[in-house]
Protein chains: 2
Amino acid sequence: MPTSRTYGDACGIARALDVVGERWALLVVRELLFGPQRFSDLHRALPGASSNMLTDRLRELENHEVIRRRRLPAPAASTVYELTGSGRELEPVLLALGGWGLRFPPPPAPVHLSATSVLLFLRGSRPPDRLPATYRVELDDHVWTVRVRDGRIDVEPGEPARADACLRTDPTTLNALLDGSGSLPAALAAGNATVSGDEAGLRRLFTAADSGTAAHP
Amino acid sequence: MPTSRTYGDACGIARALDVVGERWALLVVRELLFGPQRFSDLHRALPGASSNMLTDRLRELENHEVIRRRRLPAPAASTVYELTGSGRELEPVLLALGGWGLRFPPPPAPVHLSATSVLLFLRGSRPPDRLPATYRVELDDHVWTVRVRDGRIDVEPGEPARADACLRTDPTTLNALLDGSGSLPAALAAGNATVSGDEAGLRRLFTAADSGTAAHP
DNA sequence: CCGCATCCGTTTCGATACTG
DNA sequence: CAGTATCGAAACGGATGCGG
């Protein structure tokens, strides 16, 4: 059953930690930043969290109205978890915390990286030029729309109406492309990525690795 | 002994939580935001934390170079803990988190409030006018200098060189003054505060309760 | 498969007591 | 003052199982 321990401290920081200070809570919120996710999506994205841990955290966050449970209509027949308004307002806190955490070395050996983490990193970086473009990115069997325009990078879940290029890869490879430790031709040659369309545009996009927020192993 | 469990996640958010995600860690950092503190100061400010908990957290934070141990020279003959550069860079994260946490009701019954929390709240609020002034505030047997100037409120530990007024009270009373749930004359009458000097200036200061960050029970 | 409950060993937490 | 020692209670983590 959900945790109900409190700091007994009237300070806003302590009150925030009473709500999202338990283990895994903020990482669950991170995974929901780009949109609703199913229980099993969250479980896959957070492999270290046991299923009962996830159940507890989801219930607590729901009780505090940071997230909301929603049953999808007929054909999908599934339940998703999504951020409420309060939950979305955690985004700047998480981005600031993530930026701060980048100074520490990544944990040893079995390191995981979720699609959401890398895409947060991508969104936080600046495009190298102002040429507008739209890309279809497939990661962990989920499809994302990446739009470059007005000197920023927008990321949304779901299929783009039209794409200049399509990239299929995994979060770790994409992260290596973003932080400069890997190149697109090398990833293609190693079979870690497949591309169709404007490959040169994608290569340009990946030369912009700075001011990020999330990943960088 | 210190915790050494990790999320095994390369994301910056998870790496930050590997360092400051354990229970009480961020509240220890909060208490150090205004300057060095001794073990017993921290223990008093965080009554819910047991001494071995404090010991563990201080050691972990020291190992990650978020805080630093320092032995004071001869006369004081004591040890203090202070933030490092990395630790100070957590301040915006904590302020953002504290602002977010204010939407939740304060915990029930035995609620504590540290001097640092209230003074963070005071510093986060806007003064009602641009008249510069300096106040000596004594809280929990510690002395602080509160300076109003350039439309902001600065707070520092230690004696002011000169003060327009002196206020002695406790964190809870000061917080009530700041959030409008109490008035200075009422606090004086109840014996919860004593004032000397420009009492009218202090009353004006306490009419500015907004955009805060920390307390508000 | 999905969402969750149950059981169980391990880690962490919290309270009290005690020491240099 | 600045911690250590000890111990029961809670939380965590992993495995398994069950109804839809």
Side-chain angles (χ1 to χ4, degrees), chain A residues 1-9 14 17-28 31 36-63 67-72 74-82 107 110 112 141, chain B residues 1-9 14 17-18 20-28 31-32 36-62 67-72 74-82 107 110 112 141-142:
Chain A
M1 70 221 48
T3 306
S4 68
R5 130 183 105 166
T6 172
Y7 285 104
D9 188 319
L17 292 173
D18 279 341
V19 172
V20 293
E22 303 294 327
R23 198 162 163 76
W24 295 106
L26 283 177
L27 297 187
V28 168
E31 286 303 315
Q37 300 274 304
R38 291 173 301 175
F39 186 92
S40 48
D41 294 327
L42 296 172
H43 201 186
R44 240 191 312 282
L46 304 169
S50 57
S51 56
N52 44 13
M53 172 92 328
L54 257 188
T55 304
D56 284 359
R57 282 310 93 90
L58 289 170
R59 239 195 266 300
E60 287 169 45
L61 291 172
E62 191 187 0
N63 289 340
I67 68 174
R68 180 176 27 231
R69 255 175 92 98
R70 195 155 53 91
R71 302 205 81 84
L72 295 184
S78 178
T79 307
V80 291
Y81 298 88
E82 64 185 356
H112 182 256
D141 293 328
Chain B
M1 71 223 45
T3 307
S4 67
R5 125 184 108 168
T6 172
Y7 285 105
D9 187 318
L17 292 173
D18 280 340
V20 294
E22 305 294 327
R23 196 159 167 76
W24 295 105
L26 283 177
L27 297 188
V28 168
E31 287 304 314
L32 296 177
Q37 300 274 303
R38 291 173 302 177
F39 187 92
S40 48
D41 294 328
L42 296 171
H43 201 185
R44 240 190 312 282
L46 304 169
S50 58
S51 53
N52 46 11
M53 171 92 327
L54 257 188
T55 303
D56 284 359
R57 280 315 90 90
L58 289 169
R59 240 194 267 299
E60 288 169 44
L61 291 172
E62 191 188 359
I67 68 175
R68 180 177 26 232
R69 252 175 94 100
R70 194 154 55 91
R71 302 204 81 82
L72 294 184
S78 178
T79 307
V80 292
Y81 297 89
E82 64 186 357
H112 182 256
D141 292 326
H142 285 250

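A, B, ... follow the sequence lines: proteins, then strands. Residue 1 opens every chain.
- Following rounding to the nearest Å, B:L72 (CG) and D:dA2 (P) show an atom-to-atom distance of 9 Å.
- Rounded to whole Å, atom C1' of D:dA2 lies 16 Å from atom CE of B:M53.
- Applying the 4.0 Å criterion to OP1 and OP2 of D:dG3, one finds that B:R38 has every side-chain N and O outside that range.
- For A:R23 and B:Y7, the positive end sits near the middle of the six-membered ring, less than 6.0 Å away and at most 45° from its axis.
- Residue A:Q37 contributes atom CD, which lies 15 Å from atom C1' of C:dC2 at whole-angstrom precision.
- A donor-acceptor pair under 3.5 Å links the side-chain atoms of A:H43 to the main chain of A:A49, judged by distance alone.
- Listed nucleotides D:dC12, C:dA5, C:dG3 differ in distance to A:T79; the shortest reach to its side chain belongs to C:dG3.
- One donor-acceptor pair, N or O on each side, does fall under 3.5 Å between the base of D:dG14 and the side chain of A:N52.
- Counting heavy atoms from C-beta on, the side chains of B:F39 and B:L54 come closer than 4.5 Å.
- The nucleotide whose nearest atom lies closest to any side-chain atom of A:F39 is, among C:dG3, C:dG14, C:dA5, C:dG3.
- Side-chain nitrogen and oxygen atoms of B:R23 include at least one within less than 4.0 Å of the OP1 or OP2 phosphate oxygen of C:dG14.
- Comparing D:dC12, C:dC4, C:dG14 by their closest approach to the side chain of A:R59 singles out C:dC4.
- Defined by atom type and a distance below 3.5 Å, a donor-acceptor pair is missing between the side-chain atoms of B:Y81 and B:R68.
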| From CA spacing to verdict: side chain to side chain contact (heavy atoms under 4.5 Å, CB included), B:V28, B:V20 | CA-CA 10 Å; B:V28 168; B:V20 294; over 6 Å; no
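- Distance B:L42 CG to D:dA2 P: 9 Å, rounded to the nearest Å.
- For A:R69, taking side-chain heavy atoms from C-beta onward, the closest of the listed nucleotides D:dT4, D:dG13, C:dC4 is C:dC4.
- In this structure, the CZ atom of A:R70 is 18 Å from the P atom of C:dC2, given to the nearest Å.
- Of the candidate nucleotides D:dC1, C:dC7, C:dG3, D:dC1 has the atom lying nearest to any side-chain atom of B:S78.
- Comparing the start and finish of the helix from C:dC1-D:dG20 to C:dG20-D:dC1, five pairs each, the helix axis swings through 30°, to the nearest 10 degrees.
- Across all strands, B:R57 comes closer than 4.0 Å only to sugar-phosphate atoms, never to a base (heavy-atom distances).
- Between B:H43 atom NE2 and C:dA17 atom P the separation is 14 Å, expressed in whole Å.
- To the nearest 0.5 angstrom, A:L46 atom CG is 7.5 Å from B:D9 atom CG.
- Between the CD atom in A:E60 and the CD atom in A:E22 there is a gap of 5.5 Å [rounded to 0.5 Å].
- What separates OH of A:Y81 from C1' of C:dC2 is a distance of 10 Å, to the nearest Å.
- Rounded to a whole Å, the CG atom of A:L54 is 13 Å from the P atom of C:dC2.
- If A:R5 and A:S51 are placed on DNA chain C by their nearest nucleotide, the residue sitting closer to the 5' end is A:S51.
- Phosphate contact (OP1/OP2 of C:dT12, side-chain N/O of B:W24, threshold under 4.0 Å): absent.
- Within the 4.0 angstrom heavy-atom criterion, no nucleotide atom of any strand lies near B:D56.
- Residue A:L58 is the one, among A:L58 and B:E60, whose nearest nucleotide of DNA chain C lies closer to the 5' end (criterion: closest heavy atom).
- Ionic pairing of B:R44 and B:D41 is present here: one or more N-O contacts between side-chain nitrogen and carboxylate oxygen are shorter than 4.0 angstrom.
- Side chain of B:S40, nearest nucleotide from D:dA15, D:dA2, C:dT12: D:dA2.
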